[in-house]
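Hydrogens, waters and symmetry mates are skipped; everything else that's a heavy atom, side chains included, is used. All values reported here derive from a predicted model rather than from experimental measurement. Each chain gets a letter, A, B and so on, in the order the sequences are listed, and its residues count up from 1.
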2 protein chains.
Amino acid sequence: MRAARDQSVVEDYVKVIYAHTEWQPEPITTSVLAARLGLAASSVTEMVKKLGNAGLAIHVPYGAVELTPEGVRLALRMLRRHRLIETWLVEVFSYGWDEVHDEAEVLEHTLSDRLLEAIAEQLGEPSRDPHGDPIPAADGRVSRAEAVVLRDAPEGSVGRIVRISDRDPTLLRYLRAEAIALDVELTVLGRRPFGGALAVRAGAVEHDLGDEAATSIWISIGESTVTSGVPLESS
Amino acid sequence: MRAARDQSVVEDYVKVIYAHTEWQPEPITTSVLAARLGLAASSVTEMVKKLGNAGLAIHVPYGAVELTPEGVRLALRMLRRHRLIETWLVEVFSYGWDEVHDEAEVLEHTLSDRLLEAIAEQLGEPSRDPHGDPIPAADGRVSRAEAVVLRDAPEGSVGRIVRISDRDPTLLRYLRAEAIALDVELTVLGRRPFGGALAVRAGAVEHDLGDEAATSIWISIGESTVTSGVPLESS
DNA sequence: GGTAAGATTTCGGTGTGCCGAAACTCAAGA
DNA sequence: TCTTGAGTTTCGGCACACCGAAATCTTACC
């Protein structure tokens with residue numbers, strides 16, 4: 001009976017489904033979802049069916065998985081929690097930005113709303129987390145810089161780093177050591193031949209970035225901002 | 001597989017077993033344990049057997065349940081977590097002492113050691129929680145005031161309130177409204193006839209306390225302190 | 001010492017989320 | 001159009017902590 005009220009599995013699925021479309025448009029497939037969650041594909045198929053019954057997701061068999069508005073609301077709630085907690089750990093407890101993910105992964109499911117909102121207030125309702133990901137407001141609104149992933153940025157373009165994916169802590173440590181951080185201005189110099197590294201200039205220093213780095217860094221070429229979101233009410 | 005590494009059920013059992021002997025000597029029975037945990041007696045019997053196999057408890061069938069040194073270590077660790085979290089919620093987030101229990105009950109299982117110790121440091125390593133319960137040190141030592149439960153205090157005795165059980169939030173709110181709090185000096189005036197209320201004086205005010213209150217308040221009639229505990233190392 | 005009441009354990013069974021293997025679907029290329 | 005293999009779902013099964021009912025043990029009292 002314990003798991004009956006343990007919402008956290010559902011929360012994880014929904015969060016990952018949503019996050020997948022946050023910086024690119026393709027909806028997620030069950031196998032990618034399985035890989036992200038570290039589960040067998042068969043488990044995910046079953047669970048996605050349950051999400052469907054719960055009104056959180058829509059899944060055409062053999063097709064992609066998409067969230068209902070209800071699912072989006074829950075996902076935004078979880079993303080708000082995750083990112084507020086990450087920010088809090090960095091600001092209040094001096095965690096490194098490469099050290100916050102695992103702790104947030106657990107706490108996002110267990111802090112009460114009351115405590116979470118108290119923390120948000122102490123932090124002054126921040127709008128982005130230490131990696132540049134937007135923190136949804138309590139009402140579900142999200143505002144983020146319009147951005148392209150570095151790999152797809154045209155040669156010669158100049159932009160400000162607005163997001164660095166937190167998927168790989170090793171990469172985060174490397175980037176920090178190289179002084180590649182949020183809000184740093186980057187110039188895309190060009191790509192080395194034969195699918196090689198991407199050459200960029202950050203400040204006065206030039207770097208050759210591998211594919212993992214080039215797909216983890218997002219730059220904003222301009223100052224436009226996108227606002228979206230679904231009200232959180234019934235979550 | 002999720003529950004395989006979910007230690008929190010074990011942690012709850014061990015914590016309750018230990019807490020039962022914290023302020024009185026009788027070891028706990030499976031039925032009392034079941035009542036405290038809100039579970040069926042049969043479930044507890046089974047789980048206690050597993051605690052035995054795990055080397056955390058000793059249970060002679062049909063007898064009481066006692067912790068091994070290993071079990072005590074885990075229990076102290078959990079009590080430290082629970083009570084530090086309660087203290088933290090009161091100090092940093094202005095929770096009322098009647099509001100902290102449920103949140104702590106969840107978070108004690110989910111905060112990392114790193115975060116917990118950071119919190120302890122911010123609080124200045126407190127030695128007792130908002131209800132007067134001792135907070136075990138990180139090394140497992142416990143120091144608490146020697147105390148008797150109010151119901152058993154001899155008539156005429158004078159003592160300082162050193163602990164108020166947090167089991168019933170309603171009672172806590174009532175006591176707060178009556179200005180009966182930690183460190184208040186209490187005089188036991190006597191018992192009303194026929195198992196009636198216990199009359200006490202707190203400051204200048206007299207109160208008639210029912211049995212629930214009289215078994216929830218502990219007073220120290222002297223200044224002696226008891227230190228105990230088992231090193232926490234391998235927990 | 002026997003016995004009944006109460007406490008405790010055993011037993012069969014449940015829901016949940018997970019897994020691997022087998023069966024199935026679909027789309028791309030021949 | 002047919003084939004094929006990658007991707008997906010179905011199926012049988014597992015571990016876990018739990019439950020109620022039935023069986024068993026203990027203890028207190030006669």
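Residue contacts shown for A:A40 are limited to sugar-phosphate atoms, with no base heavy atom under 4.0 Å away. Contacts of A:T45 with the nucleic acid, taken as non-hydrogen atoms under 4.0 Å apart, include base atoms.
With C:dG17, C:dC11, D:dA17 as the choices, the nucleotide that has an atom nearest any side-chain atom of B:S42 turns out to be C:dC11. Of the candidates D:dA17, C:dC18, C:dT8, C:dC18 carries the atom nearest the A:V9 side chain, counting heavy atoms from C-beta on. Of the candidate nucleotides C:dG17, C:dC19, D:dA17, C:dC19 has the atom nearest to the side chain of A:E46. Nearest nucleotide to the side chain of B:K49, out of D:dA17, C:dT10, D:dT9: C:dT10. Taking every side-chain heavy atom of A:S31 into account, D:dG7 is the closest of D:dT9, C:dG17, D:dG7.
In this structure, B:Y62 does not reach the C:dG6 phosphate: none of its side-chain N or O atoms is under 4.0 Å from OP1 or OP2. When the side-chain nitrogen and oxygen atoms of A:H59 are compared with OP1 and OP2 of D:dT9, one or more of them lie within a distance under 4.0 Å. For the pair A:S43 and C:dC19, the criterion of a side-chain N or O lying under 4.0 Å from OP1 or OP2 is met.
In this structure, CG of B:L37 is placed 10 Å from P of D:dC19, rounded to the nearest angstrom. Look at CG on B:L51: it is 16 Å from C1' on C:dT9, rounded to the nearest Å. As a whole-Å value, the separation of B:M47 CE from C:dT8 P is 18 Å. Rounded to whole angstrom, the span from the CG atom of A:D12 across to the P atom of C:dT16 amounts to 18 Å. Straight-line distance from the CD atom of A:E11 to the P atom of C:dG17: 12 Å, rounded to whole Å. Computed from coordinates, the A:L39 CG to C:dG20 P distance equals 11 Å when rounded to whole Å. Put simply, CD on B:E26 is 16 Å from C1' on C:dA7, counting in whole angstrom units. Taking atom CG of residue A:L33 and atom P of nucleotide D:dT9, one finds them 11 Å apart after rounding to whole Å.
Checked by atom type, the side-chain pair A:Q7/A:H109 shows no donor-acceptor distance below 3.5 Å. In the model, B:T110 has a side-chain atom that pairs as donor or acceptor with a side-chain atom of A:T110 under 3.5 Å. A donor-acceptor contact closer than 3.5 angstrom is absent between the side chains of B:W97 and B:D129.
A cation-pi arrangement is present between A:R114 and B:Y95 under the rule of less than 6.0 angstrom and at most 45 degrees off the ring axis.
Between A:E70 and A:R73 the shortest heavy-atom distance is OE1-NH1, 2.7 Å.
Between A:P61 and B:V32, the residue whose closest nucleotide on DNA chain C is further toward the 5' end is B:V32.
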